[in-house]
Amino acid sequence: MQERYNPKNIEQKWQKKWEEENVYYTPDYSERPKYYCLEMFPYPSGKLHMGHVRNYSIGDVVARFKTMQGYRVLHPMGWDAFGLPAENAAIKHGVHPAGWTWDNISNMKKQLKQLGLSYDWEREVATCHPDYYRWTQWIFLKLYEQGKCYKKTASVNWCPSCGTVLANEQVIDGACERCDSKVEQRQLEQWFFRITDYAERLLDDLKLLEGWPEKVKVMQENWIGRSEGAEIKFKVSGLDEEIEVFTTRPDTIYGVTYMVLAPEHPLVQTIISGTEYEEEVAAFVKKVRNMTELARTTAEKEGVFTGAHCINPVNGELIPILVGNYVLLEYGTGAVMGVPAHDQRDFEFATKYNLPIRPVIQPEGIDLEKEGLEKAYTGEGVLINSGEFNGLPNKKAMGEIVKKLEKNNLGRRKVNYRLRDWLISRQRYWGTPIPIVYCKKCGTVPVPEDQLPVILPTDVEFDPSGKSPLVDNDSFINTTCPKCGGEAKRETDTMDTFIDSSWYFLRYTSPKEINGPWDKQKAERWMPVDQYIGGVEHAILHLLYSRFFTKFFHDLGLVNVREPFKNLLTQGMVLKDGAKMSKSKGNVVSPEEIIQKYGADTARLFILFAAPPERDLEWSDRGVEGCNRFLNRLWRLYYTLYDEIKDAPSLENPGKLVGVHEELRRITHQTIKKVTEDIESRFNFNTAISAIMELVNAVYTYRDKVPQAERNKSVLREALEITVLLLSPFAPHITEELWQALGYSESVHRQSWPQYDEKAIIEKEVTIVVQVNGKVRDRILVPADISTDELKKHALEQPKIQKAISGKQVVKTIAVPGKLVNIVVK
RNA sequence: GCGGACGUGGCGGAACUGGCAGACGCGCUGGACUUAGGAUCCAGUGGGUUUCCCGUGUGGGUUCGACUCCCACCGUCCGCACCA
């Protein structure tokens, strides 16, 4: 055994050996129960950052731990390889996105290997590979086939100077990220997935996700935003038209004093055309439509009168129709009935434009009509000014009013969702081509399955403006119609990269499958993902889209699970000086440097030790040194005891141990229990590691306090073996080296997780705290199996206790076996 | 505004079901070894007026007993944000 711990040599040696011996190969079939451990795959930016190190270290501990517990573990890794940075690099540095991406992948893969992560690299996937995106296209076609994919005009971010559409992430504070000019909104035809068809199930099935953080479920719930109410029709006065509104407060319908339409509402043009109001309204509409979503949502509420009126269906009243900047076409029906007395937004709007405010809900004890309103009253009460419904409690009135409307075919009960359909087309190059062609004769035609993949051409020129090179690529665009064989043009939009990442967890189950996106049987064997680990920034989009896809696949019979991820762990950020690491702040610590200086084991250990996984982690160079010191200390312990333990026999008659030897063995087995529970039930790796540190400290104490001749070599060896086994998921290289030094030829990572000896962990004597009126006055050492009465008696006899209670009356005595005695005195 | 999380030594964090507050690590202090120490080892380390008292953001409550449960407030962070 080497005298000094040399991480660089050890780590390289074992990484090479693991690779040669294919230690982390995952068989599809075996007798063992399955466990699918997955970490969110990275975008291949070129370099690993500390967030990756944290994410993948956590996953590696879980995977290694489960493997040792006897599971057949699937632990794969791949690349979310399409996306904008590759394209930006192409424009800026003249390199091709494909080359740039593949170089980055190879570099990051090297870095991941340096961390000693237990991936089965034979299952590696990259979403930009035709063998992968072929199936992304196939999934698109399935959605198209099932009517879950459609094209409609939508508002997009348009940079007038670049002459191109921008993705949302390219718009920084309302300006183009490349040329800084102001972004406009334009109406273009866009592809959508009908995720809203799944809104209800996506919401309801959150209940099934017991292993998800409450926080993420709440975020998804809010995002889906279910609200119950009614859809009500208002006839337009003097025209054969109707305006439909959605409201959650049908009980306030007698309080409607105006109607507001979204600027994009189709009826706006109809009701103003040819009137004196046309010019003013059209100008207002144009102004609002040109605003970005951000500008629009932060602007003050504004509206203009259209000159038209509609009729309140319950009382026939004439109501003015306005157009307002705060009404969204996408939500509900794009029209809102204004009830200023009972809605704060309406109240503000009505006050600004001097519209009437009429209370229709009366709270108990206050007369809203007499006292007037300073703000909207949104609480409960009974109806007033509401015709036949006067006097009804408003909750009851909701149902009654809707019933009446339904009877007269003027409205109906309706559930609305905030969730909108998923806009998936991107006017970008580096993404999965949408497998659609446009034929003059046949119209929009999907590319037949057997003609997939639609290959993303690589012979392209990049325009410095950022315009997608596909638009001008004639050999790509010009094709023949699959239906009629005539001339046709390809769709030049590519898919949102969130689509690529919404099914990759299925591809891992059979990454080389050529007859479908995955082998159904294999997917059934592995799914669901038992543990998914990643950043909380994906709490909504990625996780919601993956759930949507899984439900869609379930409906098609392609998978048997309803939910893809059984348990979810959202790891916290890695901070330095209290802030997220970023180039602009100059507080970045590179994993490469740390590995270079201390080795991967130290880096992993620190990142797992410094905080529990879900919390943010403050980077500390001193802390890293501390972890490195611990590994050195462990190494030295082995080195100094090596000759004693290398041939030590295994322990016989553990029950006969006494004194310090028994104590060391007790600590050893208590540590097994503690570490197992910390990893298994709580993912508290920080406390698991501190328990191992305590065990190492205990062995040091044993070594230093017990003369060599008196040491029990078997107990000592057991303690050291257990230390290595317990530490092996955290620090895989040093433990492998020490395990080999102990004389084993098989990898420590193929060993079973140690079991603790129930008998060994029992303490024969325990320290009991003795309190008087809840304050600690003494501690006593008593046999663990002492009776409650004996314990109370013994506690009372203590001189310190006698002193503390002298002259006072003992009211009662509480004894908690194994913990404390509390004497209550007066 | 709504929703969620969190406030514990000089620092990162422990304390799992209400039962010894501060495990483990960092830092700091003193000592040993040493030509040397930013290596290693040993001892100490919440505060104070030190037989005892105080102490987990603040104030109250429940309890024999509260970091833990309840109420109110203060502060920090995150998510959503005109959703009718």
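First the proteins, then the strands, lettered A, B, ... as listed; each starts at 1.
- Geometrically, A/Arg4 does not engage A/Trp635 in a cation-pi contact, judged by NZ or CZ lying under 6.0 Å from the ring centre and within 45° of the ring axis.
- Comparing B/rC41, B/rA15, B/rG19 against the side chain of A/Arg633 picks out B/rC41 as the nearest.
- Proximity of A/Arg777 to the phosphate of B/rC52: no side-chain N or O atom is located under 4.0 Å from OP1 or OP2.
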- Could you summarise the pairing of RNA chain B as dot-bracket text, marking Watson-Crick and G-U pairs under 3.5 Å with ( ) or [ ] inside the strand and | across strands? (((((((..(((......[....)))((((((.......))))))(((...)))..(((((..]....))))))))))))....
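- Nearest nucleotide to the A/Ala299 side chain, out of B/rC82, B/rC26, B/rA84: B/rC82.
- When the P atom of B/rA5 is taken as reference, atom CG of A/Asp616 falls 16 Å away, rounded to whole Å.
- Listed nucleotides B/rA84, B/rA81, B/rG19 differ in distance to A/Arg418; the shortest reach to its side chain belongs to B/rA81.
- In this structure, A/Ser227 reaches the sugar-phosphate backbone alone: every heavy-atom distance under 4.0 Å involves primed, P, OP1 or OP2 atoms, never a base.
- Going from atom CD of A/Glu763 over to atom P of B/rC20 covers 15 Å, rounded to whole Å.
- The environment of A/Gln2 atom CD is sparse: at most 12 non-hydrogen atoms of other residues, nucleotides or ligands sit within 6.0 angstrom.
- If you check B/rG3, B/rA84, B/rC52 against the side chain of A/Lys803, the one that comes closest is B/rC52.
- How far OG1 of A/Thr306 is from CZ of A/Phe284: 12.0 Å, rounded to the nearest 0.5 Å.
- Within 4.0 Å of A/Val327, counting heavy atoms only, lies at least one base atom of the nucleic acid.
- We find that NZ of A/Lys301 is positioned 11 Å from C1' of B/rA81, with the value rounded to whole Å.
- Of the candidate nucleotides B/rC16, B/rG19, B/rC80, B/rC80 has the atom nearest to the side chain of A/Trp223.
- For A/Met219, taking side-chain heavy atoms from C-beta onward, the closest of the listed nucleotides B/rG79, B/rC80, B/rA84 is B/rG79.
- If you check B/rG4, B/rG19, B/rG25 against the side chain of A/Asn697, the one that comes closest is B/rG25.
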